[in-house]
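Here is the structure we will look at, set down as structure tokens.
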Amino acid sequence: MAWVALFVVLNAAMVWYLRDRMSRPPETAPPAGEPPTPRAVATSDPQLRGPVFLSGAPDGAVLRLTRGDCQGGGPQVAGWIAAPGGAPAAIKLPPVSEVAGVGRSGDSWWVIGADAECAMKAWASDDLAGAAWSEAAIPADAWYLDPQDGTRVFSPRGRVAAPNSCSAIWIQAVGTQIYLVCDDGRGLVAERGAGQFTALPQSAAVVALAADTRGRIGQLMSGPSCLALVRTIARQKIADQHCFDSGKAPLGIAWVGDDLVAQIGFDLMTNAGGIWIPRS
């Protein structure tokens, strides 16, 4: 039954995505080597606007959360956890109305989000199975979105303005780096404490990002020539890329140990030996 519910929710996202895409005017050709501005960032369904949040554990477990909308009165955030190598199964979450950040600490997941009144809170799971959650302190070094104002983000020092006219849809702190995705498809990076964001190399039409502690970046991108493109960047150069030609919308991406996983439509895909296959 969990997979039936998952299919319905994510298939609705793809339908709204394609309807939004078809209603837009034709796009002009992008500069050579760069895809155009993404069209998978926004959907008409508040449950699925922006990227789906993914977080991975070194053992292969994956947490997936829809974004929600604390101001729009949409459905509460929905969540799934995929056991190592397995398919996602629905979990019962605390009353989160919009997700602002996700992550893992030791043997538990943490979620920063808004309650029904858009007040910021944090929750932690008892273990990686995610069967039980309790309210927790927001991690002291966390960076996360501001559900009420996309032009600002939360830092360990409080609210700060997002850079360069960016309306933030995704943020992640990894090691000494802060990564940001804007709703116009830009990917940005800054050093902790420096406060100066710069454009990521090979970054345009980005729907979601994932970075690891080795400096590798996974980008989920979208454009007319490829609805769902996964690109891996290492040492500021494209190391690998794959186009999914299934016609399904790109929704999220995460590093799971040394492997990338991507949410394409209702399929959670993983890169196994250079070949992308669904998680079974």
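Here side chain to side chain donor-acceptor pair (under 3.5 Å) pairs that include residues 99-114, with residues two or more places apart or in two chains, number zero.
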Given side-chain hydrogen bond (donor to acceptor under 3.5 Å, both in side chains), test Arg192 with Gln177 step by step and report yes or no.
-> CA-CA 6 Å; Arg192 282 185 187 267; Gln177 309 281 82; over 6 Å; no
Side chain to side chain contact (heavy atoms under 4.5 Å, CB included) assessment of Ile91 paired with Leu63 | CA-CA 10 Å; Ile91 58 171; Leu63 170 67; 4.1 Å; yes
Could you check Val230 against Phe244 for side chain to side chain contact (heavy atoms under 4.5 Å, CB included), going step by step and ending with a plain yes or no?
-> CA-CA 8 Å; Val230 174; Phe244 292 90; 3.6 Å; yes
Using the side chain to side chain contact (heavy atoms under 4.5 Å, CB included) rule, take Ile264 and Ser246 through it: C-alpha gap first, then chi angles, then the decisive distance, then the call.
-> CA-CA 9 Å; Ile264 309 296; Ser246 61; 4.1 Å; yes
Step by step, would you call Gln263 with Leu54 a side chain to side chain contact (heavy atoms under 4.5 Å, CB included)?
-> CA-CA 8 Å; Gln263 184 71 46; Leu54 298 180; 4.3 Å; yes
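Closest heavy-atom contact between Ala254 and Ala210: CA-CB, 3.6 Å. Of all the heavy atoms in Ser55 and Val102, the pair that sits closest is CB-CG2, 3.9 Å. For the pair Pro88 and Trp80, the tightest heavy-atom approach, listed with the atom from each and the gap, is CB-CB, 3.8 Å. Here the closest non-hydrogen pair linking Trp133 and Lys92 is CD1-O, 3.6 Å. Between Val62 and Val261, the shortest heavy-atom contact is CG2-CG2, 4.4 Å. For Leu188 against Cys182, the heavy-atom pair with the smallest separation is CD1-SG, 3.8 Å.
Between the CG atom in Leu220 and the CH2 atom in Trp170 there is a gap of 11.0 Å [rounded to 0.5 Å]. Here Gln148 contributes atom CD and Asp146 contributes atom CG; the two are 6.5 Å apart, rounded to the nearest 0.5 Å. Taken to the nearest 0.5 Å, the CG atom of Leu145 stands 8.0 Å off from the CG atom of Leu180. With values rounded to the nearest 0.5 angstrom, Asp149 atom CG is found 12.0 Å from Cys118 atom SG. A distance of 8.0 Å separates CD of Gln219 from CD1 of Ile238, quoted to the nearest 0.5 Å. Separation of atoms CD (Glu98) and CD1 (Ile112) is listed at 13.0 Å; rounding is to 0.5 Å.
Side-chain contact between Arg64 and Val52: present, with at least one pair of heavy atoms (C-beta onward) separated by less than 4.5 Å. Between Trp255 and Leu260 the shortest side-chain heavy-atom distance falls below 4.5 Å. Proximity of Val174 to Tyr179: side-chain heavy atoms (C-beta onward) are separated by under 4.5 Å at one or more points. The closest side-chain heavy-atom distance from Leu200 to Leu209 is below 4.5 Å. Proximity of Phe53 to Val111: side-chain heavy atoms (C-beta onward) are nowhere separated by under 4.5 Å.
A salt bridge links Lys121 to Asp115: at least one charged side-chain nitrogen sits closer than 4.0 Å to a carboxylate oxygen. A salt bridge links Arg214 and Asp258; the closest N-O separation between the charged side-chain nitrogens and carboxylate oxygens is under 4.0 Å.
Under the 3.5 Å distance criterion, the side-chain polar atoms of Ser222 are matched with a main-chain donor or acceptor of Leu227. Between the side chain of Ser125 and the backbone N or O of Ala132 there is no donor-acceptor pair closer than 3.5 Å. Without hydrogens or angle criteria, Gln196 side chain to Thr198 main chain gives no donor-acceptor distance under 3.5 Å. Side-chain N or O atoms of Ser155 include one that pairs as donor or acceptor with a backbone N or O of Gly158 at under 3.5 Å. Asp267 places no side-chain N or O within 3.5 Å of a backbone atom of Met269 that could act as its donor or acceptor partner. Of the possible polar contacts, one joining the Arg279 side chain to the Gly86 backbone as a donor-acceptor pair under 3.5 Å is found. In this structure, Glu135 contributes its side chain and Ala122 its backbone to no donor-acceptor pair below 3.5 Å. With hydrogens and angles disregarded, no donor-acceptor distance shorter than 3.5 Å links the side chain of Thr176 to the backbone of Glu191. The backbone N or O of Pro94 lies less than 3.5 Å from a partner atom in the side chain of Gln76, making a donor-acceptor pair.
Using cut-offs of 30° and 60° for the angle between ring planes, the Phe154 and Tyr144 rings count as parallel.
The hydrophobic cluster containing Trp143 does not contain Ile138, counting ILVMFWY residues as joined when their side-chain heavy atoms lie under 4.5 angstrom apart, directly or transitively. If you chain together hydrophobic residues whose side chains sit under 4.5 Å apart, Leu93 and Met120 never meet in one group. Taking hydrophobic clusters as Ile, Leu, Val, Met, Phe, Trp and Tyr residues chained together by side-chain heavy-atom distances below 4.5 Å, Ile253 shares a cluster with Trp276.
Just one residue in the list Thr232, Asp240, Ile277, Val256 forms a side chain to side chain contact (heavy atoms under 4.5 Å, CB included) with Asn271, and that residue is Asp240.
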